[in-house]
Enquirer: 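Starting off with a structure, shown below.
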2 protein chains.
Amino acid sequence: MNAENVLDVAMTAYWHSDPADVSVNAICQLAGVSKPSLYREFGSEDGLSRAVLDHYAQRVLSDVFAILQGGNGLQDTLDALIDFASSDLRMETGCLFYKMRAGKHRLGPLTLARVDEIDAMAHAAYSAFLRSFRDGEDWAPGLSVEAAAKYLSEQFALAITQRASGENPSRVREMMTLSLSVLLRT
Amino acid sequence: MNAENVLDVAMTAYWHSDPADVSVNAICQLAGVSKPSLYREFGSEDGLSRAVLDHYAQRVLSDVFAILQGGNGLQDTLDALIDFASSDLRMETGCLFYKMRAGKHRLGPLTLARVDEIDAMAHAAYSAFLRSFRDGEDWAPGLSVEAAAKYLSEQFALAITQRASGENPSRVREMMTLSLSVLLRT
DNA sequence: GATATAAAATACCGCACGGTATCAAAATGA
DNA sequence: TCATTTTGATACCGTGCGGTATTTTATATC
C-alpha cells in the first residue's frame, strides 16, 4: 500500500493541476492503489487532502519559514523571498497551499482547518520577521507590522500565482521587486 | 422565456459564488426557466457563460474602462481605481471576470476566448492610460509602460480578490494604496 | 497442509452533472 | 377554424463522482 508514495503522487497531482480537478479515482490509478485501501488509510477525500497538505508543508513550506527565520537582514530576506517566488523551480506550477486557499469553499472541514492554521502560522512568521526590523535603518513604512505582514504575504502569493499562470519569471521578479520596494528605505 | 432575466439571474449567481459552483440546473430553477428553453437560447453551458460574461462586461467592467479613459490626472485616476476596488459595493463579493480568469481551465472555449479578449482590452486600456503620463511630472518608475500596466492590473485584481475573501475594505484600500504608490513620484 | 485473518481487486450504490427526446399546450398564420 | 409551428414541462440518458459492500487473494499461525 505504501502511504508515503500515495502522498507523493497525490501531492504532485494536486499541485500540478488543482486539488478540485483531481478525483480520488485518478489518484488511486496514478498511485496504483485500490480505492478501499486509500480509504482505509485516509478515511475520506478530506482526510487525504489534509494529509497531502501536511506533506506539502513539511516538504516545501518549511523552506519559506526557514527564509523568514534565517536571521538575515531585511533586504536580504526580501530578496530571498523574491528569488523563491520567481525562480525556484518548484514554484513553476504554483503553490499547492495557495491553490487550496484560493478554493477554500471546495475543501472539506479537516483540510480547511489546516489551511487556516497554516495561514495563521505564516502570518505570525511574517509579523515576527518584520517586527524584528521595525525602527531599523532599512524599515520604511508608516504601516503597522500587521498590515505590512499581510501585504508581504499577499504579494508573495500573487507572484507565485502569476508564475503558475505562465507569466515570464523575470517579469514576475520585476513586479514583486517593485511591490516590495515600498517596505524599504531607499 | 425572457433571456435578459436569465442573464441577470445567472450573472448574480455566478458572481456571488463562483461560476464553477453553479450548475445549469440551479440557474434554471433560480430563473424559473426550463432547461430546454435555456439550451435553445444559449446552446450550451459555455454559450450561457459567455453571454453572462458579455452582460457583466457591459454592466460593470465598462465602469472601469470609463475610469481609465476619463482623462483625469494620474493620481486622480489611480485614486478612482483604488476607490472602485476597495469601496464599490458591487465588488463586495469580488469580480466575476477575475473569478472566471482565475478558473480559466474550467471554462469552455467560447467563454475562454472572451476572457482572453477582455484581458487584452484591459491591458491595452491600462497601457494607453499609463502611456499618456509617461514623462509627466507624476510618473515615477524606470519601468516600461507594459510592465507598469501589468503591475497595475494585477494589483487591482488582487485588491478585489482580497475583498471577495472577506478582507476589511479599509485594509484593502491601505494595501492597494501602498502597492500603487510606486507608480507615483512622491 | 488446513485454517483464521488481513489486504486488495472488483463491482456496486446513490447522486448530480450536462445535455436531449418526448409530448402537451399555446400561439400563429391561412 | 383548422393546420403548423413554436414554446414549455417532464422525464430521461450517459457519465463520473465520493464512498462502500462483497468477493477474491495472499499471508501468517497452528
Side-chain angles (χ1 to χ4, degrees), chain A residues 1-53 55 96 99-100 103-115, chain B residues 1-53 55 96 99-100 103-115:
Chain A
M1 158 73 201
N2 196 347
E4 199 72 12
N5 182 54
V6 172
L7 287 176
D8 278 332
V9 166
M11 181 179 76
T12 302
Y14 283 159
W15 189 359
H16 185 277
S17 71
D18 188 299
D21 296 330
V22 180
S23 68
V24 173
N25 293 298
I27 289 170
C28 290
Q29 195 156 344
L30 289 171
V33 166
S34 75
K35 213 158 29 155
S37 301
L38 192 148
Y39 273 88
R40 263 192 289 276
E41 184 73 29
F42 299 104
S44 65
E45 185 177 35
D46 190 19
L48 170 63
S49 70
R50 177 170 79 160
V52 168
L53 176 54
H55 197 64
L96 177 55
K99 287 183 177 183
M100 285 184 170
K104 255 188 172 182
H105 59 283
R106 282 186 264 259
L107 300 177
L110 300 175
T111 311
L112 178 58
R114 268 290 191 283
V115 165
Chain B
M1 158 73 200
N2 197 346
E4 198 72 11
N5 181 54
V6 172
L7 287 176
D8 278 331
V9 167
M11 181 179 77
T12 303
Y14 283 159
W15 189 359
H16 186 276
S17 70
D18 188 299
D21 296 330
V22 180
S23 69
V24 173
N25 293 299
I27 290 170
C28 289
Q29 196 156 343
L30 289 171
V33 167
S34 75
K35 212 158 31 153
S37 301
L38 191 149
Y39 273 88
R40 267 194 285 274
E41 183 74 27
F42 299 104
S44 65
E45 185 177 35
D46 190 19
L48 170 64
S49 71
R50 178 171 79 159
V52 168
L53 177 53
H55 197 65
L96 177 55
K99 287 184 177 184
M100 284 184 169
K104 255 189 173 185
H105 59 281
R106 281 186 263 259
L107 300 177
L110 300 175
T111 311
L112 178 58
R114 267 289 191 282
V115 165

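So you know, we letter chains A, B, ... as the sequences are listed, proteins then strands, and number each from 1.
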Enquirer: For A:P36 and A:A26, take the nucleotide of DNA chain D holding the closest heavy atom to each; which residue's nucleotide lies nearer the 5' end?
Expert: A:A26

Enquirer: Nearest whole Å is fine: how far is D:dT20 C1' from A:E45 CD?
Expert: 15 Å

Enquirer: Rounded to whole Å, please give me the gap between CG in A:D21 and P in D:dC17.
Expert: 11 Å

Enquirer: If you check every side-chain atom of B:S37, which of C:dA9, C:dG18, D:dG8 has the closest atom?
Expert: D:dG8

Enquirer: Using whole Å, what does the distance between atom P of nucleotide D:dG19 and atom CG of A:L48 come to?
Expert: 10 Å

Enquirer: Indicate yes or no: at least one non-hydrogen side-chain atom of A:V22 is less than 4.5 angstrom from one of A:P19.
Expert: no

Enquirer: Please identify which of these residues, B:V52, B:L30, B:V33, meets the side chain to side chain contact (heavy atoms under 4.5 Å, CB included) condition with B:V6.
Expert: B:V33

Enquirer: Looking only at the side chain of B:K35 (C-beta and beyond, no hydrogens), which of the listed nucleotides D:dA11, D:dG18, D:dA9 gets closest?
Expert: D:dA11

Enquirer: Output the rounded distance in Å from CD (A:E41) to P (D:dG19).
Expert: 16 Å

Enquirer: Within this structure, what is the CG-to-P distance between B:L38 and C:dC17, rounded to whole angstrom?
Expert: 14 Å

Enquirer: With side chains defined as the heavy atoms from C-beta onward, is the minimum distance between A:H55 and A:D8 less than 4.5 Å?
Expert: yes

Enquirer: What's the CD-C1' distance between B:Q29 and D:dG8, to the nearest Å?
Expert: 16 Å

Enquirer: Counting only side-chain nitrogens and oxygens, does A:S23 get under 4.0 Å of the OP1 or OP2 atom of D:dG16?
Expert: no

Enquirer: Between the base of C:dA8 and the side chain of A:R40, is there any donor-acceptor pair under 3.5 Å?
Expert: yes

Enquirer: Taking all non-hydrogen atoms of both residues, which atom of A:D21 and which atom of B:H105 are closest, and how far apart?
Expert: OD2-NE2, 2.6 Å

Enquirer: Starting at CZ of B:F42 and ending at P of C:dT20, how long is that distance when rounded to a whole Å?
Expert: 16 Å

Enquirer: Can you tell me which nucleotide in D:dG18, C:dA8, C:dG18 comes closest to the side chain of B:V24?
Expert: C:dG18

Enquirer: Using OP1 and OP2 only, check whether a side-chain N or O of B:N25 sits under 4.0 Å from C:dA16.
Expert: no

Enquirer: Tell me, do B:Y14 and B:I27 make a side-chain contact under 4.5 Å, heavy atoms counted?
Expert: yes

Enquirer: Measure the distance from OH on B:Y39 to C1' on D:dT7 and round it to the nearest whole Å.
Expert: 18 Å

